[in-house]
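Computed from a predicted model, the values in this text were never measured in an experiment. Just so we're on the same page: letters track the sequence lines, and every chain starts at 1. Heavy-atom basis, side chains included; hydrogens, waters and symmetry copies ignored.
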There are 2 protein chains.
Amino acid sequence: MLLLSWVDGADGSEFPVQNLPFGVFSHTLSGRSPRVGVAIGESVLDMQALLAEGLIDHCACAAVFAEATLNAFMAQPRAQWLAVRAALTQLLARDGADPALRESAELRRRCLVPRAEVAMHLPAAIGDYTDFYSSREHATNVGVMFRGKDNALQPNWLHLPVGYHGRASSVVVSGTPVVRPKGQLQLDKADASKGTEHAPCRLLDFELEMGFFVGGPANRLGAPLEMDEAEDRIFGFVLCNDWSARDVQKFEYVPLGPFGAKNFATSISPWVVMAEALLPFRCATSAGSQAEPVPLPYLRDPNYSSYDVQLEVAITPAGGDRATVVTTSNYRHMYWTAPQQLVHHSVTGCDMRPADLLASGTISGADASAYGSLLELCWQGTREVGPLCDGSTRKFLRDGDTVSMRGTCLHSSGYTLGFGECAGQYAYARVNLLADEQRGLSEMGQVPRLDWSDAAGERHSLTQSLAILELLHEAASAPGRSLLPLGPALAAKDQGSDAGRSLGREAIAKGLAAAEKLAAANRDERFCVGSHSSVADLCVVPQLYNARRFEVDLQPYPRLRAVEAHAATLPYFQAAHPDAQPDAAKA
Amino acid sequence: MLLLSWVDGADGSEFPVQNLPFGVFSHTLSGRSPRVGVAIGESVLDMQALLAEGLIDHCACAAVFAEATLNAFMAQPRAQWLAVRAALTQLLARDGADPALRESAELRRRCLVPRAEVAMHLPAAIGDYTDFYSSREHATNVGVMFRGKDNALQPNWLHLPVGYHGRASSVVVSGTPVVRPKGQLQLDKADASKGTEHAPCRLLDFELEMGFFVGGPANRLGAPLEMDEAEDRIFGFVLCNDWSARDVQKFEYVPLGPFGAKNFATSISPWVVMAEALLPFRCATSAGSQAEPVPLPYLRDPNYSSYDVQLEVAITPAGGDRATVVTTSNYRHMYWTAPQQLVHHSVTGCDMRPADLLASGTISGADASAYGSLLELCWQGTREVGPLCDGSTRKFLRDGDTVSMRGTCLHSSGYTLGFGECAGQYAYARVNLLADEQRGLSEMGQVPRLDWSDAAGERHSLTQSLAILELLHEAASAPGRSLLPLGPALAAKDQGSDAGRSLGREAIAKGLAAAEKLAAANRDERFCVGSHSSVADLCVVPQLYNARRFEVDLQPYPRLRAVEAHAATLPYFQAAHPDAQPDAAKA
């Protein structure tokens with residue numbers, strides 16, 4: 001019989017009671033510190049609140065939920081993960097044995113938070129991040145492109161899961177903007193000896209991957225993990241976009257592997273789906289139920305299998321009104337599985353610590369519609385991918401593109417299990433005011449300046465802040481999310497630009513007073529106008545920053561301070577904050 | 001005028017007042033928790049004690065020394081590092097402005113610990129570890145071996161510092177034993193397509209490197225570091241042995257770089273020498289005062305230079321009575337420097353966090369006596385390295401070899417600055433009692449069993465614990481460090497073996513009583529006999545472990561418990577502890 005939940009909207013959502021993925025969230029309204037949560041329907045169960053209310057204190061490791069990351073929970077033995085999962089099921093299932101939460105509106109209010117009100121963080125402090133290369137179809141595609149059909153797979157590929165150590169610091173949670181990287185690009189694509197230029201990457205790509213978090217106590221250095229321990233050391237899975245700068249990689253990667261081409265960002269979905277939740281979706285791999293050649297004994301997995309997770313990648317262009325799916329793949333297209341990756345990782349004695357993240361490598365199916373990267377989808381630039389919603393096509397990513405990955409498991413009994421979204425938007429390359437870059441950008445040496453190409457490929461540029469905002473409004477706003485609030489738009493613009501031109505306290509105060517009036521008339525305290533960030537917020541937040549520099553008294557502007565406080569929780573405001581700029585320390 | 005210190009033995013040592021390197025130590029006698037210390041002569045200055053006594057509280061960041069690692073101190077801006085260094089100089093210099101410590105015997109007793117009584121730990125929790133490949137001589141040597149003289153350097157090598165992400169978890173402090181790794185080795189050296197076996201590495205090598213810890217606040221993801229910021233982000237330097245399994249690497253590393261061949265261990269020296277202390281030793285690199293071709297602007301360092309650090313590697317064979325220097329190199333043999341490595345690491349936007357460790361790559365000089373690895377010294381197996389003290393020679397490392405690295409700066413004014421030792425002994429491959437390995441080792445299925453080759457290459461084996469200990473005594477003890485105490489050796493052996501055969505409490509208690517008497521007669525409370533670990537300690541510690549299983553009252557044996565407590569601080573006892581074995585959880 002299908003297990004159901006009493007939580008509104010859980011049944012039929014991607015987070016039904018069968019899923020119960022763990023993540024780390026902060027509640028943007030209450031301002032409470034980041035903490036562990038479990039997704040259920042449209043809500044998040046606050047594990048710290050559950051702990052405070054004594055609702056999980058019978059679980060042996062309940063205290064680990066006092067932490068702000070999942071590290072301590074992941075470090076527990078698998079039996080403890082399952083005990084907590086079982087306790088949550090009893091709390092959340094319609095006929096669960098523990099009615100405490102179900103029957104108390106007050107406890108529900110304290111422990112359940114609407115997902116729409118939370119910001120997600122990285123689920124764990126990742127010790128080491130490793131990326132594998134374990135889809136045979138992907139490795140073959142890349143091999144055919146670079147070495148031809150007869151030598152597509154390297155001699156080692158069928159003998160061990162090839163992988164490399166990645167960069168842990170630059171793993172980011174879904175939603176974090178990704179800055180287009182600069183690196184050394186060959187002047188002549190076909191001849192590395194012709195030298196390089198330091199330029200923004202032109203061949204930006206996504207890589208559709210899944211990753212898993214290691215769990216359980218670390219093995220001792222020098223004592224490799226055995227295959228029969230592997231399942232106890234796999235906590236759970238996330239979606240993973242291993243963003244890649246193909247042209248940077250081309251020049252740098254022989255002989256020590258990819259470096260700057262990968263370490264600028266790796267995005268993961270925020271909810272960690274426990275391996276336990278995926279058990280009902282076990283299935284044969286792309287090699288069937290046994291690989292040929294049979295691997296060496298240490299890599300033989302008696303349960304050799306993958307999971308039937310349907311994967312898709314969609315792109316929304318800057319200004320586009322919807323995402324277009326550009327590929328559909330499946331985690332079943334693995335040749336080397338998670339347990340094999342883990343065991344091989346430690347074969348020479350490497351210690352695998354809880355919260356290490358191991359990613360699968362690009363997951364491609366046999367069919368051209370199931371390739372996991374643009375490199376394969378456009379077949380090295382020889383095919384167009386798309387069209388996207390605005391009619392444009394892609395070979396590689398353009399500035400402003402949002403890449404969004406999703407994973408779904410459909411159970412025959414009728415429930416669906418999802419991973420949430422793994423999304424990231426390519427931001428424009430940063431400009432450092434102190435370096436030469438600024439002079440290079442404009443003959444007048446002015447910033448900001450926005451360069452962009454229209455649909456016809458024509459290049460344009462703008463150097464006035466509000467003109468740029470208006471253009472972004474035209475080009476980048478999603479429906480219902482306009483940057484320019486329709487009613488009071490002009491008022492907001494006038495305040496912003498008036499105050500911006502004046503350097504004295506009085507002028508600033510005058511502008512703030514008008515803005516305060518505007519904000520006070522808005523029902524949603526988080527924003528100046530409406531219920532999302534608009535150009536008004538974009539002007540007000542920097543004005544408050546300036547006001548402090550001029551020692552303006554901010555007491556009279558409570559609503560503006562509320563807007564500012566909320567803005568501080570939003571990644572795009574964080575990224576745009578003056579202190580976050582490369583020249584901040586010296587300015 | 002030469003600055004001198006009032007601390008006994010500081011002047012003329014490798015840790016004079018000009019050095020003041022930071023590390024993390026624990027005082028084995030007092031049992032105090034690990035904490036930050038500064039090496040001065042034969043002593044360690046306890047920074048937590050200094051903080052408690054109010055001797056550095058005028059330094060803005062003094063509170064960071066309440067931590068058990070250097071991470072918080074490294075995260076401070078460079079000005080704070082220098083302020084603390086200046087304060088320490090005033091406390092420790094003979095004519096220093098702050099006489100507090102110098103003039104109070106009581107404060108000296110509280111704040112200075114003999115180095116002989118401390119165990120060193122990793123200086124920091126390393127976020128990410130990266131290894132470069134920046135000595136032109138080394139890259140050329142390897143290139144000539146594998147690709148011939150005409151294509152020795154890859155096309156990218158002169159344009160950017162080639163590097164790869166390493167494994168942070170397996171970076172260990174000097175003194176940690178290194179277990180010979182097992183991995184996939186080609187059955188036919190010349191033909192990868194012939195398949196592999198899962199076997200202990202046969203081509204174990206050291207790599208002579210230096211590494212530096214990143215300091216200062218992290219740059220934001222997407223905002224590359226500029227060259228003029230680099231020096232503010234380099235906290236200090238250590239010696240680094242990037243142990244390498246050449247035969248594992250050979251099969252695995254194309255196309256994604258070294259993986260299991262490197263992630264089994266990287267040893268570093270425990271004392272971090274601040275970049276500031278190295279300033280007087282700045283010198284031209286192997287490329288002179290400017291590289292040709294001139295690198296792209298982002299990599300141009302106006303202070304392009306390295307440091308004159310004399311480096312040497314010595315090997316002591318199992319049973320050898322002294323270390324033999326096998327190579328002498330110098331950190332000046334760098335082509336790409338630390339600031340260039342750091343800036344290139346972040347060129348695509350990678351965020352560099354305090355306590356990230358970046359290693360130089362093998363440092364080889366032009367002369368064959370200055371090669372930084374056995375691969376080069378034996379020129380791919382075509383030359384013998386040595387002889388070592390026992391007359392044996394090497395191509396690659398043998399079990400039981402201790403590899404020790406040292407670095408020294410000689411100042412013209414007469415002082416010497418050193419890095420301490422970066423040492424590690426290759427332990428024998430571990431045996432997992434639960435896997436097939438045990439049956440493979442002995443027809444009788446017995447463990448322990450020791451296989452070894454004598455100087456003539458003859459193979460022997462032993463399966464009795466005490467016989468093995470006696471052999472190790474013959475083969476592996478250094479003079480003055482005999483495992484078998486000369487006087488009471490037989491008594492200790494009898495107690496050990498008697499008690500070991502009996503399973504009852506009484507028999508255990510009888511053996512412990514005799515051992516307690518032996519230990520009580522010893523002046524040094526840390527050991528049963530003499531002032532170092534002997535076979536008596538090796539027998540007593542496991543007997544106490546057994547005694548607890550049999551619920552024997554240990555109150556009557558205070559001296560044995562003291563021996564046990566000290567043993568728990570020693571890496572070889574830690575590594576041999578039953579709970580540390582791979583089969584521990586299931587046994």
Subject >> Among A:Pro293, A:Pro77, A:Gly349, A:Pro258, residue most engaged with chain B (heavy-atom pairs, under 4.5 Å) >> reply: A:Pro258
Original post:
Any side-chain heavy-atom pair from B:Val347 and A:His198 closer than 4.5 angstrom?
Top reply: yes
**OP:** Select one option (side chain, backbone, both, neither) describing which atoms of B:Leu160 are under 4.5 Å from chain A's heavy atoms.
**Re:** both
Subject >> Atom group of A:Tyr133 that falls short of 4.5 Å from chain B, counting heavy atoms >> reply: side chain
Original post:
Which answer fits B:Thr130, side chain, backbone, both or neither, if we ask what part of it has an atom under 4.5 Å from a heavy atom of chain A?
Top reply: side chain
Subject >> Contacting region of B:Gln186 [heavy-atom separation from chain A under 4.5 Å] >> reply: neither
**OP:** Please flag which part of B:Leu158 lies under 4.5 Å from any non-hydrogen atom of chain A: side chain, backbone, both or neither.
**Re:** neither
Original post:
How about B:Cys350 and A:Arg167: do any of their side-chain heavy atoms sit closer than 4.5 Å?
Top reply: yes
**OP:** Measure the shortest side-chain to side-chain distance between B:Phe251 and A:His159 over non-hydrogen atoms and say whether it is less than 4.5 angstrom.
**Re:** yes
**OP:** Determine whether more than 12 heavy atoms belonging to other residues, nucleotides or ligands lie under 6.0 Å from atom CG of B:Asp150.
**Re:** no
Subject >> Side-chain heavy-atom pair B:Asn156, A:Gln184 within 4.5 angstrom cut-off >> reply: no
**OP:** To the nearest 0.5 Å, tell me how far B:Leu256 CG sits from A:Leu256 CG.
**Re:** 11.5 Å
Subject >> For A:Asp128 against B:Ser169, the heavy-atom pair lying closest together >> reply: OD2-N, 2.9 Å
Original post:
Taking only residues two or more places apart in sequence, or in another chain, which ones meet A:Gln341 in a side-chain hydrogen bond (donor to acceptor under 3.5 Å, both in side chains)?
Top reply: A:Ser134
Original post:
Parallel, tilted or perpendicular: which fits the ring planes of B:Phe132 and A:Phe259, with parallel below 30° and perpendicular above 60°?
Top reply: perpendicular
Subject >> Nearest heavy-atom neighbours spanning B:Pro255 and A:Gln154 >> reply: CD-CG, 4.1 Å
Original post:
With only heavy atoms counted, which part of B:Val248 is less than 4.5 Å from chain A, the side chain, the backbone, both or neither?
Top reply: side chain
Original post:
Does B:Asn263 reach the side chain of A:Thr348, with side-chain heavy atoms less than 4.5 Å apart?
Top reply: yes
